Trainee: 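Here it is, the structure, as structure tokens.
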Amino acid sequence: MDCIDSDLGRLNEKIYKKVTALAENLVETGEKIESEFGIPIVNKRISVTPVGFVGGAACSKPEDYVSIARTLDKAAKKVGVNFIGGYSALVSKAMTASDEMLIRSIPKALACTERVCSSVNVGSTRTGINMDAVRLCGEIVKQTAEETKDSDSIGCAKLVVFCNAPDDNPFMAGAFLGVTEGDAVINVGVSGPGVVKHALEQVRGQGFEKLCETIKKTAFKVTRVGQLVAGEASKRMGIPFGIVDLSLAPTPAVGDSVAEILEEIGLERVGAPGTTAALAMLNDQVKKGGVMASSYVGGLSGAFIPVSEDKGMIDAVNAGALTLEKLEAMTCVCSVGLDMIAVPGKTKASTISGIIADEMAIGMVNQKTTAVRLIPVIGKEVGDTAEFGGLLGYAPIMPVNEFDCSAFIGRKGRIPAPIHSFKN
């Protein structure tokens with residue numbers, strides 16, 4: 001917030017100086033902790049105050065916001081982090097002119113940068129769902145896909161649409177520094193699906209009590225490690241510790257899969273009957289074990305179920321066991337939403353908005369965070385594969401229900417908050 005300036009050049013200069021000064025030693029500190037404690041710290045990342053708040057005084061057109069994205073990308077490269085989040089707008093009730101400008105700038109911003117991640121919060125349990133923003137986000141996802149079509153529409157992999165976005169989520173692409181936070185904070189996201197799967201192999205065939213106890217104990221240990229890292233990083237950098245997010249976050253690496261945990265629990269493939277129940281149990285036990293291990297648990301905290309970043313999920317889709325509709329049902333009981341799902345490039349913007357609206361409704365009614373990261377891969381159809389590389393992995397193109405919802409999405413205004421939002 002202290003970078004705000006009516007002059008765009010000065011604003012960009014202040015942002016660059018602040019990010020590079022505060023995060024100058026972030027990567028080096030992470031590497032030293034990793035070396036000293038033997039704990040893999042896979043990613044070092046930065047998130048900033050939602051740029052929609054910061055750029056309003058200086059930006060008069062979408063291209064002005066794009067210059068801020070370039071500045072963030074330059075700062076991220078300078079300090080050596082792999083992603084920088086916070087190119088974001090919070091519009092759960094309505095959009096200011098500045099918010100709308102930022103949202104309209106997203107396709108160009110993600111196409112011309114390498115490390116910038118963007119998010120838009122379009123709904124909450126308190127305010128309802130801003131359907132004007134949902135409609136716009138469907139169009140923006142399509143435009144982002146077009147802008148990055150030469151690399152399998154990878155720009156969409158760096159764009160998340162949220163309901164009930166938390167202020168302290170350290171996971172990309174949805175991370176931003178919430179407006180209730182201090183000037184700078186250290187947040188740590190722990191993962192460890194491979195560790196949980198290994199532990200469950202030791203109790204194969206045993207009852208639910210033993211199964212749940214094993215997940216809880218393992219989550220406790222993993223979270224204690226995160227607490228240790230957070231404390232060390234805070235002390236060495238002189239920046240306050242914020243939260244530990246105790247999510248199970250998979251990677252494309254073999255043996256680092258949430259899907260494989262569910263299959264170890266007893267499913268032939270993720271998507272089989274019983275999948276939602278198994279995921280609900282896993283999510284709950286992870287939280288029960290983790291909250292004892294840290295004084296400050298926050299962020300998303302639970303089990304992520306991205307398709308492209310999880311080898312087991314990819315295999316389940318290819319086997320015909322897992323559909324978009326089953327994934328939507330699973331999001332009712334896990335910590336995020338429809339994540340890293342590749343769909344045909346011809347999918348209409350209104351269909352994407354409809355999928356976003358469905359997921360936002362799940363979050364709003366269930367008082368939880370939900371998100372959508374859909375990738376309409378231009379030029380590809382069901383049966384093809386999109387290659388994103390690195391941590392983003394690869395994804396089979398999944399079929400989408402093609403019945404039209406444009407008349408619904410075309411209505412203006414917002415869906416009201418549910419009755420249980422009135423808890424004053």
Side-chain angles (χ1 to χ4, degrees), residues 141 152-153 156-157 160-161 191 193-194 196-197 200 247-284 286 300 302-345 347 351-352 354-356 358-359 361-363 366 368 370-377 380-388 391-403:
V141 169
D152 277 354
S153 302
C156 298
V160 183
V161 182
S191 182
V196 174
K197 179 178 182 291
L200 293 183
S247 298
L248 290 177
T251 73
V254 174
D256 203 17
S257 161
V258 170
E260 288 176 7
I261 296 174
L262 298 173
E263 288 165 7
E264 180 59 41
I265 287 171
L267 305 171
E268 181 183 5
R269 281 281 186 208
V270 170
T275 296
T276 306
L279 180 60
M281 182 194 67
L282 173 65
N283 213 44
D284 185 53
V286 165
L300 294 161
F304 283 77
I305 52 169
V307 173
S308 82
E309 297 171 352
D310 189 314
K311 180 70 167 58
M313 293 288 182
I314 295 166
D315 291 345
V317 171
N318 285 331
L322 193 58
T323 64
L324 196 58
E325 288 74 20
K326 183 61 176 178
L327 279 164
E328 185 181 299
M330 292 163 66
T331 66
C332 296
V333 299
C334 76
S335 62
V336 221
L338 295 169
D339 196 22
M340 287 302 290
I341 296 170
V343 298
T347 306
T351 299
I352 294 168
I355 294 169
I356 292 170
D358 285 343
E359 197 58 42
I362 289 171
N366 291 303
K368 68 188 285 296
T370 50
V372 173
R373 194 162 37 150
L374 274 189
I375 307 160
V377 184
K380 294 202 169 177
E381 298 277 356
V382 175
D384 294 334
T385 299
E387 297 281 350
F388 307 120
L391 285 169
L392 298 175
Y394 65 98
I397 309 298
M398 297 182 70
V400 172
N401 188 322
E402 294 182 6
F403 283 90

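Note that the coordinates shown come from a computational prediction; the quantities given were computed from them, not determined experimentally. Each residue takes its place number in the sequence, starting with 1.
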Trainee: Are any of the side-chain heavy atoms of V160 and V372 separated by less than 4.5 Å?
Mentor: no

Trainee: Hey, could you give me the CD1/OG1 distance between I362 and T370, rounded to the nearest 0.5 Å?
Mentor: 7.0 Å

Trainee: Is a donor on one side and an acceptor on the other found under 3.5 Å between the side chain of S257 and the backbone of D310?
Mentor: no

Trainee: Quick one, R269 with D315, criterion side chain to side chain contact (heavy atoms under 4.5 Å, CB included). Give me CA distance, side-chain angles, the key distance, then yes/no.
Mentor: CA-CA 9 Å; R269 281 281 186 208; D315 291 345; 3.6 Å; yes

Trainee: Does N366 reach the main-chain N or O of K368 with its side chain, forming a donor-acceptor pair under 3.5 Å?
Mentor: no

Trainee: Any side-chain heavy atom of P399 sitting closer than 4.5 Å to one from L324?
Mentor: no

Trainee: Calculate, to the nearest 0.5 Å, the distance between atoms CG and CG belonging to D284 and L282 respectively.
Mentor: 9.5 Å

Trainee: So with a 6.0 Å cut-off around CD of E387, is the heavy-atom count from everything else above 12?
Mentor: yes

Trainee: Check whether any side-chain heavy atom of S191 lies under 4.5 Å from a side-chain heavy atom of L248, and answer yes or no.
Mentor: no

Trainee: If every non-hydrogen atom of D152 is compared with every non-hydrogen atom of A386, which pair is closest and at what distance?
Mentor: OD2-CA, 3.3 Å

Trainee: Are T323 and E328 close enough, and set up right, to give a side chain to side chain contact (heavy atoms under 4.5 Å, CB included), and what steps lead you there?
Mentor: CA-CA 9 Å; T323 64; E328 185 181 299; over 6 Å; no

Trainee: Looking at G274 and L267, what are the two nearest heavy atoms and their distance?
Mentor: C-CD2, 4.0 Å

Trainee: With the threshold set at 4.0 Å, does a side-chain nitrogen-carboxylate oxygen contact exist between R373 and E359?
Mentor: no

Trainee: Given side chains that start at C-beta, do those of I261 and L200 come closer than 4.5 Å, heavy atoms only?
Mentor: yes

Trainee: Among P306, P193, C334, whose side chain to side chain contact (heavy atoms under 4.5 Å, CB included) with V258 holds?
Mentor: P193

Trainee: For the pair N283 (side chain) and V333 (backbone), establish whether a donor and an acceptor sit closer than 3.5 Å, ignoring hydrogens and angles.
Mentor: yes

Trainee: Consider side chain to side chain contact (heavy atoms under 4.5 Å, CB included). Of V400, I305, V307, which one does I341 pass it with?
Mentor: V307

Trainee: If every non-hydrogen atom of I397 is compared with every non-hydrogen atom of P344, which pair is closest and at what distance?
Mentor: CG2-N, 3.3 Å

Trainee: Measuring from T275:OG1 to L279:CG, what's the distance to the nearest 0.5 Å?
Mentor: 8.5 Å

Trainee: If you define the side chain from C-beta out and look only at heavy atoms, does anything of P376 sit under 4.5 Å from C156?
Mentor: yes

Trainee: Roughly how far apart are Y394 OH and M340 CE, rounded to 0.5 Å?
Mentor: 12.5 Å

Trainee: Could you grab the distance from atom CG of L392 to atom CD of E309, nearest 0.5 Å is fine?
Mentor: 5.5 Å

Trainee: Does some side-chain heavy atom of F388 sit less than 4.5 Å from a side-chain heavy atom of I375?
Mentor: yes

Trainee: Could you measure the distance from the CD atom of E325 to the CG atom of N401? Nearest 0.5 Å is fine.
Mentor: 6.0 Å

Trainee: Any non-hydrogen side-chain atom of M313 less than 4.5 Å from a side-chain atom of L322?
Mentor: yes

Trainee: Is the closest side-chain donor-acceptor distance between T351 and E402 under 3.5 Å?
Mentor: no

Trainee: So, do L327 and M398 sit near enough that their side-chain heavy atoms are less than 4.5 Å apart?
Mentor: yes

Trainee: Determine whether the side chains of S153 and K380 contain a donor N or O and an acceptor N or O closer than 3.5 Å.
Mentor: no

